[in-house]
Amino acid sequence: MTDYSTSMRTDRCGDLRIDDVGRQVTLCGWVDRRREHGEHLAFVDLRDRSGVIQVVVDGAHDLRSEYVLQVTGDVRERPDESANDNLATGAVEVEATEVVVLATAEPPPFPLDERTEVDEVLRLRHRYVDLRRPRMQRNLEVRARVTAAIRGAMEEQGFVEVETPMLVASTPEGARDFVVPSRKEPGSFYALPQSPQIFKQLTMMGGVDRYYQIARCLRDEDLRADRQFEFMQLDVEASFVTGEDVRTFVAHAVGAAAEAVTGDHPGEIRSMSWREAMDRFGSDKPDVRFGLELVDATEIFADTGFRAFQTPCVKGIRVPDGADISRNRLDELTGECKRWGAKGLVWMRLTEDGLNSPVAKFLSDDEQAGLVAKFEARVGDLLLLVADEWSTACHVCGLLRLELGRPPITEGGRHFVWVTDFPLFEGFDEAGNPIPAHHPFTMPHEEDLGMLGGDDQLAIRSLAYDLVLNGWELGSGSVRIHRREVQEQVLAALGISPDEARARFGFLLDAFRYGSPPHAGFAVGLDRLTAVLAGEENIREVIAFPKTQSGADPLTGAPTPIDDRHLAELGLGVLPPPG
RNA sequence: GGUCCUGUGGUGCAGUUUGGAGUGCACGCCGGCCUGUCAAGCCGGAGGUCGCGGGUUCAAAUCCCGUCAGGACCGCCA
C-alpha cells in the first residue's frame, strides 16, 4: 500500500474506513458539497483524488464550493441509520476539530457533478477544474496504468527503450508534416516526427534487436474523435523475427494493459485475413461485438434482368425484425449510402406474402427465393442490398452495419482482432503506378512476389497487419523488406526510379547496404487503446490537455501569432490572408 | 475542401415547426430559516447583446443571407 501521508496530511479522504474509527486524521482537499443545518451543524464533503469523505463542522464556518481545506478531526462511525452505502467512506465521518482554509475559490464555471454533460469548450478552457472530476481523474489513472503495464511487458520481453529525435527531416510521404523553422539555416525546416518509423528501422541495423518506445507522434491532418495532432504510440521493432513473433510481443503488451485496467486478461487474440474482414464486416477494422454480418448475393443475380444488380458484386445485410423501420428512415439510409459512394440502396421487407419492395417486381421468383434462402430471412426481417464494385459494396454495407447496430463502447465486451494479409497496394495514382497501402518497405507475401509488375497487382498480399479493438484501429505493422533485390522490385513496381529512390530514401537504402537484419515491427495507438479501455468514445477524454477539432487549445489560446522580430530571426514572413 | 448537427441568465435544457412583451423548467449563485444531512429541505432574491453581422417585417430567439465557435462524419490520416 502506498503511503500517502505528507507533512500536511495523514490520509487521503477516500481511503478512510471503519477500521480508522478512533484515529485523529488531517485531510486536505476541495469542498465538494456542503449541507448546512443552521448555526451549529454543517456537513462538508471533502474531495481529493481518492474520493470523498463527510466532514462534520460547526455551521458557523463559511465554506464554499471548491474552497481548499485542511481539516483535522476524529474519525468516528456514523450514528444510527445515517451511514451512506453509496459512498466508499460512507460508514464513517470526520468530526472536525480544526479547519484551515488553504484557498478560497470562486464558484466553478460549471458543475463538477457527474450528471451534467457540460459543453466541451468550457471544460477545456477550465481544464484544471474539469480534471478534478472523478471521470477525468479515473481516465488519467487508466492512461497511466496502460503505459506502466506496457512498459513492464516490453521490458519483461527484453525490449530496450530507445528515444528518437523530435526534430527530424521532412519527407514527402504520408501525412502533412508539422514543421519547425531553422534559425541557423533560414529557409530550411525540421519536421516533427509523424512516427519514429525510419529511426526504429535504423536501430535494427544498429543491432538493437528488440526496440520499443512510448513515442509522441505528430501529424498535421484534420482531427476526429479518434485523432489529435499529437498522439502516443507504443512503437515496436524487432530483428530475426516473423510477423507472428511481433504480434505475440504486442499481444503481450496490450493484454497486460487491458488486464491492468479491467482486471481481466483478454486472452488469445483471434486473427482474420483482410479479405475476410472486408467480406464479412465491410471494414478493415471489424467491430465483432455484434452481428449484422454482410451476406454475398452476387451469385443469385448472375443472370439477372434487373439492371441495378448487373454489377460485379451484390452484398447486403439482414436486419432481424427490421421490417417495421419506417419508409422515412429507409429514405434517410438510402441518402447516406449515396453519400458513402453507392448508387443507391435496395430495401426489402419480408412479409407473410413474400418480399415487399419497390424493386420486387423486377426480380424473378427464383431470385426472390434465392435471397430469402441466402440471407436466412424470416418474416418481419428487413434486407438491405448494395450492388457495385466489390470494394464499394463492402464499404457501404460495412458503414450501414455500424449505423444500424454498433453498440456503445462500454457494451459487448472487448474484442481484439488481428487483421492480416493486407493488400500491398490500395489503388493506382494518376500515372498508373500502384499506391502502397502501408509503406514502400513493406514485405510482400512470399507466394505473391511473382505478381509484382504484373496485371493483377492489387491482389498482391503483404506481410502487413493491423490490430483492431471493438472497431477501432489500434495500430498496424509489417515485416520490412531487408533483401535488396526485393526492395528494388517493389520500388520498380511503384514506378520509383533508382535515382528518385536515392533522393527520397537514400539514407535508409544506404543503411540496407551495410548489413540489414530481417526485421518487423508494429505501432499501437495508446490514446485509442486507453479510450476503449476507459469506456470513452472520444480520445480527448483520455488526454489531459487536448485540442478541439479545429486544432485550437481553448486554455492557452494556441495557436497564436508571433511577433515580427521573432519571424525575422527565423527568416520568415507571413503572407496576407487569401482573398 | 465538403456534408450534417448545435449555439437561449453561471450550468443543463424547453421555447424556433406556425414571427406577437426575454416566457418556462432544473441545477448553481446571493440572503434568511433550520442540530443528522448526503443531488439536504423550506422561504426570498439577483442574474439575459437568445453566438455575431446584415436583411425581410408594423414586429425576429423564431424567417432569409452571411459569419464565428463547437461537434459527428466524408476527403485526408504512407
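Below, read A as the first sequence line, B as the second, and so on, with proteins coming before strands; counting in each chain starts at 1. Values below: all heavy atoms of this structure, side chains included; hydrogens, waters and symmetry mates excluded.
Legend: residues meeting side-chain hydrogen bond (donor to acceptor under 3.5 Å, both in side chains) with A:Glu500, ordered by chain and number and at least two apart, are A:Arg504. Scanning for side-chain contact (heavy atoms from CB on, under 4.5 Å) contacts around A:Glu106 gives an empty result, with sequence neighbours left out. With sequence neighbours left out, A:Thr97 forms a side-chain hydrogen bond (donor to acceptor under 3.5 Å, both in side chains) with no residue at all. Considering only residues two or more places apart in sequence or on other chains, A:Thr410 meets the side-chain hydrogen bond (donor to acceptor under 3.5 Å, both in side chains) condition with none of them. Residues forming a side-chain contact (heavy atoms from CB on, under 4.5 Å) with A:Leu463 (at least two apart in sequence, or on another chain): A:Met443, A:His445, A:Val479. Applying the side-chain hydrogen bond (donor to acceptor under 3.5 Å, both in side chains) test to A:Arg34 and every residue at least two apart in sequence or in another chain returns A:Glu36. A:Pro196 is linked by a side-chain contact (heavy atoms from CB on, under 4.5 Å) to A:Thr164, A:Tyr211, A:Gln213, A:Ala215, A:Cys217, A:Gln233, A:Asp235, counting only residues two or more places apart in sequence or in another chain.
Summarising the base pairing, B:rC58 is matched to B:rG20 through a Watson-Crick or G-U wobble pair whose two defining distances lie under 3.5 Å. Under the Watson-Crick or G-U wobble criterion, with both distances below 3.5 Å, B:rC42 is paired with B:rG32. In this entry B:rG7 has B:rC68 as its Watson-Crick or G-U wobble partner, both defining distances falling under 3.5 Å.
Here A:Thr442 lies out of heavy-atom contact (under 4.0 Å) with every strand. Here A:Leu122 lies in heavy-atom contact (under 4.0 Å) with sugar-phosphate atoms only. Heavy atoms of A:Pro79 sit under 4.0 angstrom from at least one base atom. A:Thr116 comes within 4.0 angstrom of sugar-phosphate atoms only, judged by non-hydrogen atoms across all strands, and of no base. A:Gln194 comes within 4.0 angstrom of nothing in the nucleic acid, heavy atoms only.
As a whole-Å value, the separation of A:Glu221 CD from B:rC74 C1' is 14 Å. Distance A:Glu66 CD to B:rU11 P: 16 Å, rounded to the nearest Å. Summarising the geometry, the separation between CG on A:Leu63 and P on B:rA40 is reported as 15 Å, rounded to the nearest angstrom. The interatomic distance linking A:Glu81 (CD) with B:rU37 (P) rounds to 10 Å, in whole Å. Between the CG atom of A:Asp222 and the C1' atom of B:rU3 there is a distance of 14 Å, given to the nearest Å. Rounded to an integer number of Å, the gap from CG of A:Leu112 to P of B:rG10 is 18 Å. Separating the CG atom of A:Leu399 from the C1' atom of B:rU3 is a distance of 14 Å, rounded to the nearest angstrom. Here the C1' atom of nucleotide B:rC76 and the CZ atom of A:Phe229 are 12 Å apart, to the nearest Å.
Here, B:rC13 and B:rG28 have their C1' atoms 14 Å apart, quoted to the whole Å. Spacing of P atoms, B:rC5 relative to B:rG47, comes out at 37 Å, to the nearest Å. Straight-line distance between the C1' atoms of B:rG66 and B:rG48: roughly 25 Å, to the nearest whole Å. When the C1' atom is compared between B:rA60 and B:rG51, the two are found 16 Å apart, to the nearest whole Å. Comparing the same atom, P, in B:rG24 and in B:rG31 gives a spacing of 25 Å after rounding to whole Å. Remark: the separation of the C1' atoms in B:rC30 and B:rU67 is 38 Å, to the nearest Å. Between the C1' atoms of B:rA14 and B:rC58, the separation comes to 29 Å (whole Å).
At a non-hydrogen distance threshold of 4.0 Å, A:Arg34, A:Arg35, A:Glu36, A:His37, A:Gly38, A:His40, A:Leu41, A:Phe43, A:Gln54 from residues 34-56 of chain A come into contact with RNA chain B. If you check residues 492-501 of chain A against RNA chain B, you find no residue with a heavy atom closer than 4.0 Å. Residues from residues 12-19 of chain A with heavy atoms under 4.0 angstrom of RNA chain B: there are none.
Closest to the side chain of A:Val118, out of B:rG75, B:rG12, B:rA39, is B:rG12. In the set B:rA40, B:rG36, B:rG31, the nucleotide with an atom closest to the side chain of A:Arg33 is B:rA40.
Classified by interplanar angle (parallel below 30°, tilted 30° to 60°, perpendicular above 60°), the ring pair A:Phe422/A:Trp274 is tilted. The aromatic rings of A:His126 and A:Tyr128 sit perpendicular to each other, their planes meeting at more than 60°, with 30° as the lower class boundary.
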Short heteroatom pairs, N/O only, protein and nucleotides 68-72 of chain B, under 3.5 Å:
residue	atom	partner	partner atom	Å
B:rG70	OP1	A:Thr548	OG1	3.1
B:rG70	OP1	A:Ser550	OG	3.0
B:rG70	OP2	A:Ser550	OG	3.0
B:rG71	OP1	A:Gln549	N	2.9
B:rG71	OP2	A:Gln549	N	2.7
B:rG71	O3'	A:Arg540	NH2	3.2
B:rA72	OP1	A:Asn538	ND2	3.1
B:rA72	OP1	A:Arg540	NH2	3.1
B:rA72	OP2	A:Gln549	NE2	2.6
B:rA72	N7	A:Gln549	OE1	3.3

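Below the 3.5 angstrom threshold, one finds a donor paired with an acceptor across the side chain of A:Arg78 and the base of B:rU37. Contact of A:Arg339 with B:rC74 (side chain to base): no donor-acceptor pair of N or O atoms is detected under 3.5 Å. You'll find a donor-acceptor pair under 3.5 Å spanning the side chain of A:Glu93 and the base of B:rG36, going by distance alone.
Among pairs with a residue in residues 542-552 of chain A, those fulfilling salt bridge (Lys or Arg N to Asp or Glu O under 4.0 Å) read A:Glu230-A:Lys547, at least two apart in sequence or across chains.
Taking both residues in full, the closest heavy atoms of A:Cys337 and A:Val396 are given as SG-CG1, 3.7 Å, listed atom of the first, atom of the second, then distance.
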Legend entry - A:Asp74/A:Arg76 under salt bridge (Lys or Arg N to Asp or Glu O under 4.0 Å): CA gap, chis, key distance, verdict: CA-CA 6 Å; A:Asp74 301 310; A:Arg76 67 179 188 199; over 6 Å; no
Inset, instruction - With salt bridge (Lys or Arg N to Asp or Glu O under 4.0 Å) as the test, would you mind laying out the steps for A:Arg127 and A:Asp130 before giving the verdict? - result: CA-CA 5 Å; A:Arg127 192 62 152 179; A:Asp130 191 40; 2.7 Å; yes
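Between B:rC38 and A:Ser82, no contact under 4.0 Å exists linking OP1 or OP2 to a side-chain N or O.
For the 3.5 Å distance criterion, the side chains of A:Asp527 and A:Gln228 fail to qualify, holding no donor opposite an acceptor. In summary, the side chains of A:Gln489 and A:Arg483 do not present any donor paired with an acceptor at a separation below 3.5 Å, with no hydrogens or angles considered.
A:Phe512 CZ: more than 12 foreign heavy atoms inside a 6.0 Å radius. With a 6.0 Å radius and a threshold of 12 heavy atoms from other residues, nucleotides or ligands, A:Glu39 has its CD atom at or below the threshold.
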